[in-house]
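Have a look at the structure below, then the notes.
As a basis for the values below, the full set of heavy atoms in this structure was taken, side chains included, without hydrogen atoms, waters or symmetry mates. If you read the sequence from its start, that first residue is 1, and numbering goes on from there.
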Amino acid sequence: MTHDKKLSDVTQKIDDFNDETKLNLKLHVEHELHDHRKILPNGLSYGNIHEAIEHEVDQRMDKFTKNTKLKPQELYGYLELKLAEDPSLSKRQLHYLAYDHLANETHNRFLKKMFKKLRRRMR
């Protein structure tokens with residue numbers, strides 16, 4: 001399997017994860033809305049409430065997925081450059097460099113924290 005194929009597979013898995021997360025969130029919102037319909041008084045326009053919730057979920061998920069773009073091709077290029085500079089880098093050192101690069105490149109606070117924690121474990 002070529003590097004381009006592997007990178008495209010990773011990119012596809014990331015996109016699939018984001019789509020699955022968005023679907024799960026929408027299903028959770030649907031379930032919660034259904035449960036609250038029993039509690040809320042009759043006469044409320046559930047269509048409008050549902051539409052507003054769907055719109056908000058879409059906006060937040062778009063923001064989340066925009067901030068979680070990991071750019072595997074960029075990471076691969078970065079690691080390839082580091083390996084060209086120092087061919088004696090171990091797999092562990094490459095992992096550390098990868099986590100460091102990802103932590104510096106992401107704008108998502110949750111991912112940044114996660115990558116820093118993973119990087120610390122690699123020491």
Partner set under side chain to side chain contact (heavy atoms under 4.5 Å, CB included) for [X], not counting sequence neighbours:
X: Tyr99; value: His95, Phe115, Leu118, Arg119, Met122
X: Ser88; value: Asp86
X: Lys117; value: Arg120, Arg121

Rounded to the nearest 0.5 Å, how far does NZ of Lys116 lie from OG1 of Thr106?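 Interatomic distance, Thr106 OG1 to Lys116 NZ, rounded to 0.5 Å: 11.0 Å.
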Approximate separation, where rounding is to 0.5 Å, of Leu97 CG and Leu83 CG: 9.5 Å
Is a donor on one side and an acceptor on the other found under 3.5 Å between the side chain of [X] and the backbone of [Y]?
X: Gln59; Y: Glu56; result: no
X: Asp100; Y: Tyr96; result: no
X: Lys82; Y: Leu94; result: no

Smallest heavy-atom separation, Ala103 atom then Lys112 atom, equals O-NZ, 3.0 Å
